Amino acid sequence: MDIKFYEQEKVFKLDTNNTSYLIGIVDDENYIGHIYYGKKIDDYDLKYLLRIKEYPFVPSTHNREKVAFLDSLPTEFSTHGIGDYRDDAIAIETLGGHTAMQLGYVSHNIYGGKPVLEGLPSTFGTEEECITLEVLCKDKILNLNVTLIYTAFKDVDVITRSVRVTNEGSEAIYLTKIISACLDMDNNDYDLITLNGAWARERHIQRRPVGFGIQGASSMRGESGHQNHPFLALLTKNADQDKGEVYGFNFIYSGNFVATVEMAQYENIRTVIGINPYDFKWKLEAGTSFQAPEAVLVYSDEGIGGMTRNFHDLYRKHLLRGEYKNKRRPILINNWEATYFDFNTDKLLGIAKEAASLGIEMLVMDDGWFGTRNDDNCALGDWVVNEDKLPGGLKYLVDEVNRLGMKFGIWFEPEMVSLNSDLYRAHPDWAMAVPGRTASLSRNQYVLDLTRKDVIEYIYESVSAILRSANIEYVKWDMNRALSDIGSVGLPADRQGEIYHRYVLGVYELQDRLTKEFPHLLLENCSGGGARFDPGMLYYSPQIWCSDDTDAIERLEIQEGTAMIYPLSTMGAHVSDCPNHAVGRVTPFKTRGYVALAGTFGYELDVTKIPAEDRAMIPEQVKMYHKYNDLIRTGDYYRLASSAQNHRLDCWQIVSKDKTESLITCIQVLHNVNCKSRKLRVKGLEPTKRYTVEGTDGTFSGSTLMYSGILLENPWGDFKGRLIYIREC
Ligand code: DGJ
């Protein structure tokens, strides 16, 4: 990795091991042009790529055609209102009501390491691990400083970007749009990948050609959402898992976002990723700054798989934190699908006893333990243990569970309040609402106004008091509705446009405090399943509940999309009972275990009630988890087959970093009628090493396994699973 400034040419060159990124300052007005991003190159004097000579007029000499110049210049950070009609990266409004702005380079700073983004999650690295460039740009008329921040990493082909805006003027200014990364390129007949879905079918991969106009993904729900994901990838038409060029963009943020690509008139394309300008208006008082969240850019010329492995390595090493970052997670059993709200101490202890005897390591008590909560119509916000359900209190239950040799975990939904709750009766103004208007309910609940300090304090105190009251080692932090009716009585009229972002900052503040006060706590985020599975939340919790859809077959597509960006160690995945609660499907218990093995692994069922033959398989599954989890958590991920594409076979592989072992999981979704076995080409091994394939005789070279393949039988029946373990001999 390296970052250099070539003074004479006015060019910045950022290098990672295999990629280069070039920025050039042009014209007397110091526009910040984007020269190149892609496979590593040796030279830096590439300003010809900005095509300055092709413009009829350059602004400083011929202002006559400044608009034509700005509307086609590839730029690092497009500004609103002066002639670049493509999507802008920053927009403001002055007290006089004007919106135009222009940025010019002023100075820069290059240093080892990377800055902490105050109040925000972000990647991190030491001086040896990364290097940062800050480019200070200014709008001289507004006296507005915009600092573009870039970090290049040593061990991954990643460049991160973020932006800080400082009002150096004497009066307030409104920031109405601030994107974290803007990237202009020529269109190379790219396809676009986004991750889309709904509740119970999150992050399905969608691939389509880039066309004229703006396309991509966004959220206006106050969370990253089930429906869209703060990610997009541009890839060449020939790109698949193993080859072709791929540009991946991910946003380390958990609220409203845009991730779009626009093809403009000259078939040039602009990608922007950042906070959604929808209902965003931030008052920047004189002398204050606004820090935009971080965007992650990955370039790979080794296809989608190359992009994936870069994201996984970056997040495992430079985003996840805390005690469980590199640790095997306890195998948990969660009572949600087992009991829903209908439980008490005896029932939970019955489940725990049986679970402990089978090797399960932690009991998680889900929704329904507090206030009068016996269904989802009430009591959110009343974080007081319901002693009718839990006689003897929480401590008694936790101690009993601990006595069984198990850890104990608990569920909260701290950001919400039920209409029917003591909290709402006492503080109706704590719920987000527009004065005079009845706010829309969702799951019969309102969203608490996390822009308020008193609300934050109440939430923190309620959650932490419970955690202090017993030996609780895990928290599932849930959020079961999107935001609506945006209004806060705590903010003046000219700051109502800050609510969406302030809300997210409130969530981050709460989780930051919690993980600091309880450093040994394992935090798992959740949002009605996977509506807030994003890198922002991963900074606070090393795992996130992937989806409320626990059906092994539906999970294949959800986990394929999720694993395209996020390490398997972060994907909350459990074995549940059949018929599955979301889709009614019946699948073999064994297959359910193989699918959950690709994530954190746990159970979501009443172990005292499931069929005896399923229960009997649990000790084997526990052994399987302990045998393979280190490999799964730390290895390189390869996708061999996608049932979303071929409708038959789903297949993924993990290879240890030293290439001495590998695990392949194959799920035959549908039986292939009247077909022979399949030839499966393994990936990622060392061609010259010799390996054994568990369950077969003989040894094979890595090259044989990779190029000529192994045979995968075609068992009779649907939903059949198989593991293939390969080891160097
Ligand atoms: C949604 C979660 O995704 C479920 O696992 C469960 O915790 C329920 N909420 C409880 O209300």
Side-chain angles (χ1 to χ4, degrees), residues 197-203 221 223-227 254 329 332-343 347-348 351 362-383 386 389 408-421 441-448 463 466 472 474-482 507 522-534 537 541 543-551 554-555 558-559 562 570-577 580-583 592 596 599-606:
W199 173 79
R201 54 180 158 83
E202 297 89 341
R203 291 173 295 286
R221 294 167 186 269
E223 60 177 351
S224 37
H226 295 101
Q227 296 77 4
S254 312
R329 318 285 158 72
L332 67 82
I333 183 159
N334 178 305
N335 74 308
W336 177 243
E337 287 187 35
T339 66
Y340 297 105
F341 294 99
D342 181 19
F343 63 87
K347 215 185 227 183
L348 292 178
I351 292 176
M362 176 159 77
L363 174 78
V364 175
M365 177 172 66
D366 210 280
D367 194 355
W369 55 267
F370 52 91
T372 54
R373 185 126 167 129
N374 292 315
D375 57 38
D376 62 7
N377 285 309
C378 62
L380 289 174
D382 300 343
W383 301 111
N386 178 347
K389 273 183 168 173
F408 183 88
I410 197 166
W411 176 98
F412 283 99
E413 193 176 356
E415 300 157 63
M416 300 290 154
V417 61
S418 302
L419 198 58
N420 178 7
S421 66
L441 284 161
S442 177
R443 210 192 190 201
N444 220 356
Q445 63 198 52
Y446 285 135
V447 183
L448 284 170
V463 174
I466 294 285
I472 297 170
Y474 162 105
V475 164
K476 177 176 173 188
W477 180 302
D478 204 350
M479 183 227 192
N480 282 302
R481 65 157 293 179
V507 175
L522 173 56
L523 184 62
E524 174 157 357
N525 268 291
C526 170
S527 179
R532 214 162 49 181
F533 198 122
D534 59 57
M537 300 317 291
S541 68
Q543 59 192 57
I544 300 177
W545 185 227
C546 202
S547 176
D548 273 349
D549 199 329
T550 51
D551 171 64
E554 292 301 318
R555 271 291 180 126
I558 297 169
Q559 293 186 182
T562 308
T570 65
M571 296 199 306
H574 298 165
V575 175
S576 63
D577 201 7
N580 178 267
H581 85 144
V583 296
R592 285 176 255 160
T600 53
F601 196 76
Y603 293 88
E604 186 101 11
L605 40 73
D606 186 343

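This chain uses plain numbering: 1 for the first residue, then up along the sequence. Atom set for the values below is all heavy atoms of this structure, side chains included, hydrogens, waters and symmetry mates excluded. This structure is a prediction, so every number in the text was calculated from the model and none was measured. We count ligands from 1, going down the list as the structure has it; atoms in each ligand are counted the same way.
- For Phe412 and Trp369, the gap between ring centers is short of 6.0 Å.
- No side-chain N or O of Arg532 forms a donor-acceptor pair with one of Ser254 less than 3.5 Å apart.
- Within 6.0 Å of CZ in Arg221 there are 12 or fewer heavy atoms belonging to other residues, nucleotides or ligands.
- Of all protein heavy atoms, the one closest to atom 11 (O) of ligand 1 is Asp367 OD2, 2.7 Å.
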- prompt: How far apart are the C-alpha atoms of Thr600 and Gln543, what are their side-chain angles, what is the distance that settles it, and do they pass the side chain to side chain donor-acceptor pair (under 3.5 Å) test?
  reply: CA-CA 7 Å; Thr600 53; Gln543 59 192 57; 4.5 Å; no
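- In terms of protein heavy-atom proximity, atom 4 (C) of ligand 1 is nearest to Asp548 OD1, 3.4 Å.
- Between Ser421 and Leu380 there is no side-chain heavy-atom pair separated by less than 4.5 Å.
- Annotation for ligand 1: atoms under 4.0 Å from non-hydrogen atoms of Cys526 are 2 (C), 3 (O).
- Between Trp411 and Trp383, the ring-plane angle classifies as tilted under the 30° and 60° cut-offs.
- Under the 3.5 Å distance criterion, the side-chain polar atoms of Ser576 are left unmatched by any main-chain donor or acceptor of Glu604.
- Of the possible polar contacts, none joining the Asn335 side chain to the Ala338 backbone as a donor-acceptor pair under 3.5 Å is found.
- Close approach of ligand 1 to Asp366 (heavy-atom distance below 4.0 Å) involves ligand atoms 6 (C), 7 (O), 10 (C).
- Ranked by closest heavy atom to atom 9 (N) of ligand 1, the top entry among Asp549, Asp478, Asp376, Leu380 is Asp478.
- Looking at Glu604 next to ligand 1, no N or O pair under 3.5 Å apart turns up.
- Taking only nitrogen or oxygen atoms, main chain and side chain alike, Gly529 reaches within less than 3.5 Å of ligand 1.
- Ligand 1 has at least one atom lying under 4.0 Å from a heavy atom of Arg443.
- Only the side chain of Asn480 comes within 4.0 Å of ligand 1, counting heavy atoms alone; its backbone N, CA, C and O stay farther away.
- In terms of polar-atom proximity, Arg373 is not counted as a contact of ligand 1, lacking any N or O under 3.5 Å from an N or O of the ligand.
- Counting the atoms of ligand 1 from 1 in the order shown, those under 4.0 Å from a heavy atom of Gly528 are 1 (C), 3 (O).
- At least one heavy atom of Lys476 sits under 4.0 Å from some atom of ligand 1.
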